[in-house]
Amino acid sequence: MPHTEKKCSEGFHKIRICNNKINRVTVPKERDEKKVAVSEQLVQDVVKEVVARLKIDADPTGNKGVFADMDTAIAAAKQAQKKVQSMSMDQREKIISLIRKKTKENAEILARMGVQETGMGNVGHKILKHHLVAERTPGTEDITTTAWSGDRGLTLVEMGPFGVIGAITPCTNPSETIICNTIGMLAGGNTVVFNPHPAAIKTSIFAIHMMNEASAEAGGPEVIACTVEKPTLETSNIMMKHKDIALLVATGGPGVVTAVLSSGKRGIGAGAGNPPALVDETADIRKAAEDIVNGCTFDNNLPCIAEKEIVAVDSVADELMHYMINEQGCYRISREEQEKLTSVVLTPKGLNRKCVGRSAKALLAMIGIDVPDNIRCIVFEGEKEHPLISEELMMPVLGMVRAKDFDEAVEKAVWLEHGNRHSAHIHSKNVDNITKYAKAIDTAILVKNAPSYAALGFGGEGYCTFTIASRTGEGLTSASAFTKRRRCVMSDSLCIR
Ligand code: NAD
């Protein structure tokens, strides 16, 4: 129905032509004012974008993707995304190959920087994590097409880019997450703006510089990943509200995931876990002790998937503890020492950040206990409600909860996972028990008879990711998770059967 609009003193006049009759409709002034308010917002947005573009033009690479403010970073990512979208899959893959190569070459630098800047983790393990990201993060091969061909033609569903993705990253795996996210997001045809954890900003910027260098060297845009010099909650809020951010990806604790999911935009939420390792009477107990301690101590327990506590059936609990102490470098703490450690680790303000990702030796030193260097994990037995057991600590402290039988063990493990639906592990040779546990705990990851890191493709099959979207259901994210489905229909043609 065609219509024209004319402004007058009472407000707006709309002339509508309906069934060849001319109708004059007066739109009241308030609506007129609302319209003015909306256009002011539009003017503000345009001014913001023009200013941002001027800043990018003044320094086209913004120090290789690092900008003074979030609006400029987003504008740069938007410009670059247009170039990425016009590139072939082969060209995207060339950039990704170079990112993989540079990540391996810089693995040790990134690992050392991460440990030095955050005070968390273990250099050797962080080197392995960077190699894992470089080698096993899916690239463009993850972008696939589904086709239907028949009498009425050809229909395709393709995976298209969202555009510019806003990603918030943790301090526990800073560069690992940033590199892994960028590979997947770029493979999907997107560019990305990061709001990294402030405690890991130097390491995050190093990784962003490295990937932008790879893009430029491979003939891609100067910036495929951007960030700001000083990420804060304010810059994160600007990102969450920005009109040019099409998808938000949050990797971190419950606060950031809730913030992203309340933003009104599409969000992928990779949140906290508290993975229990269940051991039943059919397990190879000696191997279970080794696997659990290896998984728990990997990068000083920083990965969100790592074993955080044990639930063992009564008949094997003592044997398990014996192997952990006598063969796996575990130090058993007394009740009094448990209390001391609790008061150091869990302060009235919450988890003491100075304890996160620290070695067992360093944690024990904090409560006045000196142990040899081969001690890699702190163990004790307690009830499931013990704060060192029920809280997600992210340090090599393993409390063991005893259960009278398998059913009670499942019940306790499900309670300890707190409904995060994140990760859980089991050591058992009874397929029925494994199935029962898997159904009851309902997590994105369930590792059987191996250390937790097998779930990331380290000593297990499958690809690697450091963004496990437990809250929103994508599970282990890869390039396809960062795309939107688009249907392309050709009616009555192109079916050549
Ligand atoms: P964190 O929640 O303190 O910080 C993560 C990021 O979110 C940081 O960039 C931080 O600045 C930001 N942030 C925090 N609260 C925010 C808010 N209200 N609004 C906007 N941004 C906010 O987490 P962390 O200590 O860096 O990492 C450890 C936590 O992350 C653990 O709970 C761990 O389980 C979880 N994690 C989950 C995954 C996963 O894939 N599911 C991966 C790594 C870490």
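The first residue of the sequence shown is numbered 1, and numbering continues consecutively from there. Atoms within each ligand, like the ligands themselves, are counted from 1 in listed order. Note that the structure is a prediction, hence the values are computed from the model and not measured. Both backbone and side-chain heavy atoms feed into the values below; hydrogens, waters and symmetry mates do not.
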Look at [X] together with [Y] and state whether they make a salt bridge at an N to O cut-off of under 4.0 Å.
| X | Y | answer |
| --- | --- | --- |
| K308 | E391 | no |
| K241 | E234 | no |
| K202 | E117 | no |
| K104 | E135 | yes |
| E213 | K64 | yes |
| E339 | R335 | no |

Where's the contact between [X] and ligand 1, heavy-atom distance under 4.0 Å: side chain, backbone, both or neither?
| X | value |
| --- | --- |
| L233 | side chain |
| P170 | both |
| I468 | both |
| A270 | both |

Task: Proximity flag P198 to ligand 1, non-hydrogen atoms under 4.0 Å - done: yes
- [ ] Please work out which of H422, R471, E392 has its closest non-hydrogen atom nearest to atom 32 (O) of ligand 1.
- [x] E392
Open item on the list: Measuring from atom 43 (C) of ligand 1, which candidate in N173, I168, L351 has the nearest non-hydrogen atom?
Closed with: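 Comparing heavy atoms across N173, I168, L351, the nearest one to atom 43 (C) of ligand 1 lies in N173.
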Open item on the list: Can a side-chain donor-acceptor contact be found between T203 and S175 if the only test is distance below 3.5 angstrom?
Closed with: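 No.
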Proximal atoms of ligand 1 relative to [X] (non-hydrogen, under 4.0 Å):
| X | result |
| --- | --- |
| H197 | 3 (O), 4 (O), 8 (C), 9 (O), 10 (C), 26 (O) |
| T467 | 40 (O) |
| P196 | 9 (O) |
| M240 | 20 (C) |
| A259 | 19 (N) |

Open item on the list: Over 60° means perpendicular and under 30° means parallel, so tell me whether F406 and Y437 are parallel, tilted or perpendicular.
Closed with: perpendicular
